[in-house]
Amino acid sequence: MNYKVKDLGLAGDGDASIEWSQRNMPVLQEISAQFGKDRSFDGIRIAACLHITKETAGLMLALQEGGAEVSLCPSNPLSTQDDVAASLAKRGIKVYGWKGIGTEDYYWCISKASEIQPQILLDDGADLISHLHKENPPWMDQIMGGQEETTTGVIRFRSMEAKGVLRFPVVAVNDAKVKWEMDNVFGTGQSSLHGILNGAKILIAGKTVVVGGFGHCGRGIAMRARGLGARVIVTEVDPHRALAAALEGYSVMTMEQAAPIGDVFITATGNRNVIGGKHAERMKEGAILANAGHFNVEINLDELDALTESKREIQPMVEERKLSTGNSVVLLADGRLVNLALAYGHPSEVMDMSFSVHALTALWLKENHKELARDRVHQVPAKIDDEVASRKLASMGISIDEMTDEQKSYIASWELGT
Ligand SMILES: NC(=O)c1ccc[n+]([C@@H]2O[C@H](COP(=O)([O-])OP(=O)(O)OC[C@H]3O[C@@H](n4cnc5c(N)ncnc54)[C@H](O)[C@@H]3O)[C@@H](O)[C@H]2O)c1
């Protein structure tokens, strides 16, 4: 079978959901129409390991519209929208994935999606590409290249590059300005709060929200929590990011200091064990723990388990744990991406930018892969980044000024001063 999804009968709901999201992804829709006209990917096989959401559906369909054979597996066990997966299966995308997948099935889906022997790979967190490097199939050398969606994935590929084990070029889509500066800040900011509200159903106003990490995602989360009326505390390890948070008016302290003060804790660092047992045992009764970083390693679940005397599911993915300290904490989505597990992930308007970059980068990779060093991580060409920003602005009806020739030569000169 060319797919495995939860229930093909959900396809009608998925169609409606995809159609709704496409309305809010005008740039990707334009690119899709162009791909269709040019048959940009005729004869090309593309495998994607991405959150199976309605926005991802837009990207998959754009590549298919261009003539590509497309396979898709999830990049997180809890993020699949089963109706969307069903709709894509019906439309001929080779999709393998369902919400709540276990680890063994997760890797089975990656293997199934790889069966098309893809030439281009789209990854979110590096699981697909690192799996292929471990498996080393005989067709590895025909791969034109990969593209990575998130910060954690780029970090993993840079580590592979440094160790000399990368077998084909990978483009860091995450690092494009329209992605890192927009999607991670505004997409993760809004959707993480959405996940917490869906799960914990609390009033944010008046609460103390502790944000672990003040990078792109953390900044967005802190901004949106403050917008809803929270007192926001930031924890950091980078003095520059900590200073930026302090100058933006947030309280900055260590996690140990924040532990007894916070009502809600959200990690977004890309690092492990940001919240551990020593923090949990000092937390207030009912403190809520959530993670927005890519893997479920930011909250130390082993240490939390060791402190846990009993567990109770308040609703799916909302777990109250009675600790040996006498207090309880509430863990959301088992420490996995709260915005995808308990909400719908990033809104379509934001993914319009990220996935437009993916789409145009795939075309660029197809046309330029022979010139790229195969053991390197590459940047998205600035031309693609700028084009997506300009087209997004145009779709929003926003015009901006253009530099005059006089201004261009002034900016490029050194002679004029005081
Ligand atoms: N939930 C989502 O939908 C979503 C979207 C985009 C990115 N992500 C993931 O979120 C994570 C963060 O991404 P980003 O783009 O914000 O990265 P970033 O590099 O911009 O920011 C990470 C920040 O965390 C800080 N940090 C690292 N270790 C820390 C620790 N122990 N305590 C406190 N702070 C610490 C770093 O100094 C840095 O400022 C990554 O795992 C990324 O893949 C998730």
Side-chain angles (χ1 to χ4, degrees), residues 49-53 55-56 74-76 78-79 123-127 148-158 172-196 210-224 233-246 248 250 252-259 262 265-276 278-279 290-300 332-333 335-348 350-351 353-355 357:
C49 178
L50 297 171
H51 301 299
I52 304 180
T53 63
E55 291 77 19
T56 298
S75 56
N76 181 285
L78 295 181
S79 62
D123 221 340
D124 185 341
D127 280 345
E148 174 52 50
E149 164 74 7
T150 198
T151 317
T152 284
V154 172
I155 290 170
R156 293 179 76 191
F157 289 127
R158 292 234 157 87
V173 167
N174 177 74
D175 297 2
K177 286 192 241 172
V178 282
K179 202 285 177 184
W180 213 3
E181 310 285 334
M182 306 290 156
D183 167 320
N184 294 30
V185 179
F186 301 101
T188 314
Q190 177 173 310
S191 61
S192 298
L193 266 298
H194 184 191
I196 286 162
V210 180
V211 181
F214 197 69
H216 294 76
C217 296
R219 195 179 132 233
I221 294 167
M223 189 198 305
R224 292 299 174 242
I233 295 174
V234 166
T235 73
E236 253 297 342
V237 291
D238 177 330
H240 300 281
R241 300 311 309 157
L243 196 53
E248 285 194 31
Y250 299 109
V252 179
M253 58 184 78
T254 65
M255 188 57 85
E256 215 150 332
Q257 291 168 321
F265 294 78
I266 315 170
T267 51
T269 68
N271 210 340
R272 68 190 309 169
N273 303 338
V274 179
I275 295 179
K278 68 177 180 191
H279 305 119
N291 168 50
H294 189 77
F295 288 118
N296 64 337
V297 296
E298 306 215 6
I299 300 170
N300 187 325
L332 301 186
R336 293 195 187 275
L337 295 168
V338 70
N339 59 327
L340 280 135
L342 276 162
Y344 314 119
H346 291 186
S348 309
V350 162
M351 296 316 292
M353 293 181 263
S354 307
F355 284 165
V357 175

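Note: hydrogens, waters and symmetry copies are ignored here, and every other heavy atom, side chains too, is used. Whatever order the structure lists them in is the order used to number ligands and atoms, beginning at 1.
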For A292, side chain to side chain contact (heavy atoms under 4.5 Å, CB included) partners two or more places apart | T188, S192, I221, I266, A268

For ligand 1, the residues whose heavy atoms come within less than 4.0 Å (ordered by chain, then number) | T150, T151, T152, W180, N184, T188, G213, F214, G215, H216, C217, T235, E236, V237, D238, R241, A268, T269, G270, N271, V274, A292, G293, H294, L337, N339, L340, H346

Roughly how far, to the nearest 0.5 Å, is the NE2 atom of H279 from the CD atom of E256?
-> 5.0 Å

By salt bridge (Lys or Arg N to Asp or Glu O under 4.0 Å), R158 pairs with (sequence neighbours left out) D175

Cut-off 3.5 Å, side chains only: do H294 and T152 have a donor facing an acceptor?
-> no

Kindly write out the residues that satisfy side-chain hydrogen bond (donor to acceptor under 3.5 Å, both in side chains) with N184, not counting sequence neighbours, or none if the list is empty.
-> T151, N174, K179

Expected output: side-chain R241 to main-chain G215 donor-acceptor under 3.5 Å = no

